[in-house]
Amino acid sequence: MDIEQFRKAGYDAIDRICAYHYSLREKPVVAQVKPGYLRDLIPNSAPQKGHEWASIIDDYQRDILPGLTHWHHPSFFAYFPTANTFEGVLGDLLSSSTSNPGFNWFASPACTELEAVVMDWAAKMFGLHRAFWNVNEVGGGVIQTTASDSALTAIVAARTRYISDHSGTALESLVIYVTTQTHSFGKKAGMILGLRVRALDVDATVTTDNTGLTGEVLRAAVKEDHARGLHPFVLIATVGTTSTGAIDQVGEIGAIIEESFPSIWLHVDAAWAGVTLACPEYREFAQLPGINEHADSVCINFHKWGLTNFDASSLWVRERRRLIDALDVTPEYLRTKEGDAGNVTDYRNWHLSLGRRFRSLKLWFVLRSFGVEGFQANIRKCISLNNSFVERVRACPIFELVTPPAFALTVFRLLPEPAGNTDELESVNSLNRAFYSDLQSRPDLALTQTSLGGVFCVRFAVGSTRTEQRDIDNAWKIIKEAGENVLLKMGLLSLNRMQYT
Ligand SMILES: *Cc1c(COP(=O)(O)O)cnc(C)c1O
């Protein structure tokens with residue numbers, strides 16, 4: 001493709017993207033294809049002679065698009081949302097057009113410098129303490145691929161800090177602390193690093209009021225492990241767990257770490273809920289004071305409901321040298337005069353890979369286009385839409401909230417009506433599995449499941465930029481009907497009891 005052919009194909013691609021977005025509402029949310037569908041459609045080796053672009057793009061439209069789940073469909077309420085704005089799309093397009101791996105300052109000065117500035121914009125928007133700003137050159141922020149990478153990077157830095165402060169500690173005695181509600185990346189980090197992982201049990205407090213880890217649970221665990229000759233060296237605390245949006249009490253935990261166990265690194269995973277820090281009214285609830293006072297590192301994903309297209313996970317650390325101590329390897333071919341002089345940031349030493357995408361461009365576009373106010377408005381809109389769903393669940397006797405609503409997430413389940421023997425966990429669980437399986441077979445809505453202390457629950461997460469009140473109303477209608485049908489089928493709902501309808 002030459003430049004003029006690109007111009008033409010590029011305009012056509014934009015037209016196709018616009019048509020896609022116009023037609024989203026009419027599409028099934030979830031891909032209606034069977035496993036292996038694409039193998040049957042695509043030849044099993046690359047063509048010997050290149051194809052015409054027109055046939056390639058038509059095949060994309062015909063074979064690939066229908067195999068995508070439409071995460072930006074207004075009725076996508078599964079997992080957590082992932083952001084999609086045209087500002088973000090254009091940022092990625094331009095970044096891709098100058099494709100470069102920007103691993104150190106010299107490799108593309110603007111990549112490093114824009115990231116350092118934009119991460120400071122973000123830190124200020126979220127109210128993060130100046131200790132985390134790049135401009136002070138002690139702490140700083142860096143964009144990682146995902147929250148999993150952010151956590152793994154923090155754990156690696158924590159391990160290096162612990163070993164250098166406690167030389168001679170056997171690696172087998174190190175322990176990564178997570179909770180029973182931490183994202184699965186905690187276990188995975190343990191597998192990757194060959195380290196023990198201990199999950200502190202917080203299921204009971206999560207069920208009661210969606211608070212997660214408290215200081216006392218942590219203190220007891222550390223004492224127990226110290227007595228066994230083990231060395232907990234990092235704690236992953238979560239603000240807004242993936243399962244139910246639960247919040248570990250960062251202030252309380254951080255104070256105990258600082259007083260009694262200062263060699264434990266506190267990483268705060270606020271991958272999903274962290275963006276609410278842009279709104280002053282959520283800062284207390286989302287643990288900003290604790291983060292600012294005690295966290296060694298904090299992760300907030302822009303690529304969930306932070307208006308910035310996947311991928312853009314931000315990681316801030318209080319001491320950048322901890323990352324560099326753990327990750328800097330500088331062979332001759334990576335040396336630069338600016339790097340040697342120490343007057344530039346070489347982001348390759350702040351994460352696991354060498355090369356990195358120019359992601360700050362899309363974040364810059366987003367923050368400039370929306371402004372802090374536009375960013376806040378999106379967060380408030382999502383929470384308010386979720387609240388309207390919560391009100392309906394609360395008012396309807398065949399459903400209950402399993403945990404208190406968290407930001408833009410509702411965790412609920414179906415109950416027999418009248419609420420008879422809800423103690424029979426297994427029978428209520430199987431009722432809910434049937435209910436969820438009905439919902440899952442529908443093309444017009446997507447939800448996901450979770451389990452909390454053995455209780456099967458359904459999750460409803462709001463965050464697609466295209467979701468409006470009418471989509472919540474429509475989702476509620478579908479969910480309520482599905483619930484009633486399951487109850488009727490199982491003889492747990494008599495029609496004359498349905499006065500609430
Ligand atoms: C989504 C999520 C993650 C994982 O995010 P990735 O960026 O996909 O790795 C981790 N923790 C929490 C709390 C999340 O919500």
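Every number for a ligand or one of its atoms is a count from 1 in the order of the listing. We count residues from 1, following the sequence as given.
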| query | At what distance, to the nearest 0.5 angstrom, does CZ of F76 lie from CG of L24? | reply | 12.0 Å

| request: Locate the shortest heavy-atom distance separating D471 from P74; write the atom from each residue and the value. | output: OD2-CB, 3.4 Å

| query | Please state which protein non-hydrogen atom is closest to atom 13 (C) of ligand 1 and give its distance, to 0.1 Å? | reply | D269 OD2, 3.2 Å

| ligand 1 versus S313, non-hydrogen atoms closer than 4.0 Å: side chain, backbone, both, neither? | neither

| task | Report, in ascending order of atom number, the atoms of ligand 1 lying under 4.0 Å from any heavy atom of F185. | result | 10 (C), 11 (N)

| remark: Closest to atom 8 (O) of ligand 1 among protein heavy atoms sits T146 CB, 4.1 Å

| said: Check this for me, if you would: do R356 and E115 make a salt bridge, where the nitrogen-to-carboxylate-oxygen distance has to be below 4.0 angstrom? | reply: yes

| query | With ring centroids as reference points, do F460 and F389 lie under 6.0 angstrom apart? | reply | yes

| query | Would you say T238 and ligand 1 have an N/O pair spaced under 3.5 Å apart? | reply | no

| remark: Taking only non-hydrogen atoms of H303 and a 4.0 Å limit, the atoms of ligand 1 in range are 7 (O)

| query | Between R380 and E281, is there a side-chain N and carboxylate O pair less than 4.0 Å apart? | reply | yes

| query | Counting from 1, what ligand 1 atoms have a heavy atom of F80 closer than 4.0 Å? | reply | 15 (O)

| Any donor-acceptor pair under 3.5 Å linking the side chain of E319 with the backbone of V317? | no

| query | Looking at H183, which atoms of ligand 1 are within less than 4.0 Å of one of its heavy atoms? | reply | 2 (C), 3 (C), 4 (C), 10 (C), 11 (N)

| Do you know which two heavy atoms are closest between A147 and A271, and how far apart they sit? | CB-CB, 3.6 Å

| Identity and separation of the nearest protein heavy atom to atom 9 (O) of ligand 1 | S148 OG, 2.6 Å

| field | Heavy atoms of other groups near Y79 OH, more than 12 under 6.0 Å | value | no

| request: May I ask you to identify the nearest protein heavy atom to atom 15 (O) of ligand 1, giving residue, atom name and distance to one decimal place in Å? | output: K304 NZ, 2.7 Å

| Nitrogen or oxygen atoms of A147 and ligand 1 under 3.5 Å apart | yes

| field | Any N or O of N301 closer than 3.5 Å to N or O of ligand 1 | value | yes

| said: So for ligand 1, is T241 a polar contact partner (N or O within less than 3.5 Å, distance only)? | reply: no

| task | Just jot down the ligand 1 atoms closer than 4.0 angstrom to any heavy atom of G240, in number order. | result | 13 (C)

| Ion pair check, R321 and E137, cut-off under 4.0 Å | no

